[in-house]
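Only one structure is covered here, and it is reproduced in the block below.
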Amino acid sequence: MKTITVREYVIMLWHRDKGNLPDAHTAECVPEENGQVKERAGREMVVLLQNWKDRIRRYRIYRAVLGGVFAVSCMALMGVLYYRIDSSIPSVINVRAGEEQSFRLGVPARGEIVSVSEQNGSNIPEGAVEIDLSKTVTLKSALEASYRMQVKLFGFLSLKNVDIHVIEDQELIPVGAPVGIYVKTDGVLVVGTGEFQGEDGVTCSPGKYILKSGDYIRKVNGEAVTEKDDFIRRVEESGGDRVLMTVERDGELMDVEITPKRNSAGEYKIGVWVRDNAQGVGTMTYIDSRGNFGALGHGITDVDTSTLMHMEGGTLYQTDIVNIQKGSAGNPGEMTGMIIYSDDYILGDITHNSIRGIFGVCNGKALEMGVREPLPIGLKQEIREGTAQILCTVDGSTRYYDVEITGVHMDHDNVNRGIELTVTDPDLLSATGGIVQGMSGSPIIQNGKFIGAVTHVLVQDSRKGYGIFIENMLEH
């Protein structure tokens, strides 16, 4: 008797039912152990069904996973799209009084004026003034005023509020000359804490966990302190008694007590590093019609704490560049200036230090530096990618150098990085390698308008850097 497999047996049964095989032929091929064949066929059929169920279950799992990945990808894509649209719409738009201003944001959103000036609401009927932000928008107002526009993505999804300020047109004198900077801290700045060896040989740090980096010590035992040496003297003269200090931390005043300890030399210390001033070299950006100046395009921060310095006052000095270290990949380079701290070299008083730069009042010597014709300011919606110039001093003479604006970020998270630029001028590349430290504050000019100031260099490529919009610098 010929032995056949279950698969052959099932196939033959199918053919027999179709009339393809005679019953006799089929009978000859069927083993005598018909019950065993059926039992084996049943077991194999169960296995086939189980494998089929496993395949269906795996398919469903794969489908669920792919569906989840697709959903997450769509959400991520929508998040990126939402962020890009949000960042492409400025939170503040300035327009000149009495002048038409046209700009195109090119985003699928609509805006509606919801308030005017200091009013709580607008007297314009709801929906009467809608702006399609996917098209070119033209704004004009005869008087200085402020408006608030509510922006909705696709016309129904709330996105953000935009403040529209109608401002008076302004002209500034671009300077681009190097200046020496000296600022006095408002109190004594705590740079950090440390340990010292006491007279008994035990390491101690009385100020640790009480003072921290970035604190400003305003008073010692109720008396104002502004000089580092004065603070150190008062601690040494404490005789080991507790010292009451008034400290400013994160904008709030608080009182702390510290008990000084004697070091191995017999001097009373509390184990903190302090500073009361900062110096450096930067570039003066502009002089306005009232004789005020702006410089740097970013604030003065402490080199150790990286925090914006609270300034009691400061002075601007005339300086000459004595050395230039060219920038390269990974090395931003630097301009070194010689500052002579003499009354004959004073250019003015620094009155304000903010994230947008340093600002103050010029004296007659500084006003003599403003020899160029004043230029109208260019608002951020007027800036275009393409050629521009920066004004700076690298070889003893102040002149314009060519750059390329490669990006305009209308609402960048970092106010100092609204403009992306690349140095293209061969003379400047030969002299400095691009943008170097000390060039911060160099004016950026495009199409005859004063549009911003250089603020940062890209460490990986010294040819590239960032700038601040001049309108943001004027908001100080």
Donor-acceptor pair, side chain of [X] and main chain of [Y], under 3.5 angstrom:
X      : Y      : value
Thr455 : Asn416 : yes
Thr336 : Val322 : no
Thr285 : Ala453 : no
Asn221 : Leu244 : yes
Thr432 : Leu429 : no
Asp425 : Asp402 : yes
Thr393 : Gly176 : yes
Ser213 : Val191 : yes
Arg104 : Ser134 : yes
Arg384 : Gln381 : yes

Give the C-alpha distance, both sets of side-chain angles, the deciding distance and a yes or no for side chain to side chain contact (heavy atoms under 4.5 Å, CB included) between Ile346 and Leu316.
CA-CA 6 Å; Ile346 292 178; Leu316 216 59; over 6 Å; no
Under 6.0 Å from the [atom1] atom of [X], do we count more than 12 heavy atoms belonging to anything else shown?
X      : atom1 : value
Glu257 : CD    : yes
Arg372 : CZ    : yes
Lys219 : NZ    : no
Asp255 : CG    : yes

Ion pair check, [X] and [Y], cut-off under 4.0 Å:
X      : Y      : value
Lys269 : Glu236 : yes
Arg233 : Asp229 : no
Asp186 : Arg218 : yes

Looking at [X] and [Y], what are the two nearest heavy atoms and their distance?
X      : Y      : value
Val457 : Pro332 : CG1-CB, 3.5 Å
Leu428 : Cys392 : CD1-SG, 4.4 Å
Val436 : Glu334 : CB-N, 3.7 Å
Phe469 : Gly418 : CZ-O, 3.5 Å
Asn331 : Lys326 : ND2-O, 4.1 Å
Val272 : Thr193 : CG1-CG2, 3.9 Å

Can you list every salt bridge (Lys or Arg N to Asp or Glu O under 4.0 Å) pair that touches residues 439-468, not counting sequence neighbours?
Glu382-Lys449, Asp461-Arg463
What pairs of residues pass the salt bridge (Lys or Arg N to Asp or Glu O under 4.0 Å) test when at least one of them lies in residues 164-185, not counting sequence neighbours?
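Residue pairs with at least one partner in residues 164-185: Arg96-Asp169.
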Ignoring hydrogens and geometry beyond distance, is a side-chain donor-acceptor pair present between Ser397 and Asp395 at under 3.5 Å?
yes
Donor-acceptor pair between Ser440 and His298 side chains, under 3.5 angstrom
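On atom types as modelled, these side chains qualify, holding a pair under 3.5 Å.
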Which of these, Thr422, Val454, Val423, Thr387, sits in a side-chain contact (heavy atoms from CB on, under 4.5 Å) with Val403?
Val423
Test salt bridge (Lys or Arg N to Asp or Glu O under 4.0 Å) on Arg262 and Glu267 and set out the steps.
CA-CA 5 Å; Arg262 278 187 176 180; Glu267 301 168 331; over 6 Å; no
Aromatic ring pairing Tyr182/Tyr341, orientation class (parallel under 30°, perpendicular over 60°, tilted between)
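Ring orientation of Tyr182 relative to Tyr341: perpendicular.
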Run the numbers on Ile181 and Val281 for side chain to side chain contact (heavy atoms under 4.5 Å, CB included), then give the verdict.
CA-CA 6 Å; Ile181 300 165; Val281 173; over 6 Å; no
Rounded to the nearest 0.5 Å, what separation is found between the [atom1] atom of [X] and the [atom2] atom of [Y]?
X      : Y      : atom1 : atom2 : value
Ile339 : Gln318 : CD1   : CD    : 11.5 Å
Met369 : Ile173 : CE    : CD1   : 11.5 Å
Ser289 : Gln170 : OG    : CD    : 6.5 Å
Phe293 : Asp349 : CZ    : CG    : 8.0 Å
Glu471 : Ile451 : CD    : CD1   : 10.5 Å
Met309 : Asp302 : CE    : CG    : 5.5 Å

Ile358 and Met311: side chain to side chain contact (heavy atoms under 4.5 Å, CB included), yes or no, with the steps?
CA-CA 10 Å; Ile358 59 172; Met311 191 186 71; 5.9 Å; no
Does the side chain to side chain donor-acceptor pair (under 3.5 Å) test come out yes or no for Asn277 and Gln279, once each step is laid out?
CA-CA 7 Å; Asn277 62 69; Gln279 308 91 26; 2.2 Å; yes
Is the shortest side-chain heavy-atom distance between [X] and [Y] below 4.5 Å?
X      : Y      : value
Val243 : Thr259 : no
Val394 : Ile324 : yes
Val190 : Tyr216 : no
Pro443 : Tyr286 : no
His409 : Glu420 : yes
Cys204 : Phe196 : yes
Arg234 : Glu223 : yes
Ile445 : Ile390 : no

If you apply the rule salt bridge (Lys or Arg N to Asp or Glu O under 4.0 Å), what do you find for Lys365 with Asp344, and how did you get there?
CA-CA 9 Å; Lys365 187 179 290 292; Asp344 295 336; over 6 Å; no
Which pairs pass ring-ring contact (aromatic ring centres under 6.0 Å, His included) with one or both residues in residues 345-400, sequence neighbours excluded?
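ring-ring contact (aromatic ring centres under 6.0 Å, His included) check on residues 345-400 returns His352-His476, Phe359-His476.
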So, using side chain to side chain contact (heavy atoms under 4.5 Å, CB included) as the criterion, who are the partners of Ile210 when residues are at least two apart?
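Applying side chain to side chain contact (heavy atoms under 4.5 Å, CB included) to Ile210 gives Val256, Ile258.
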Who are the side chain to side chain contact (heavy atoms under 4.5 Å, CB included) partners of Thr283, not counting sequence neighbours?
Ser442
Counterpart residues, salt bridge (charged side-chain N to carboxylate O under 4.0 Å, His left out), relative to Asp304 (two or more places apart):
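For Asp304 the salt bridge (charged side-chain N to carboxylate O under 4.0 Å, His left out) partners, ignoring immediate neighbours, are Arg275.
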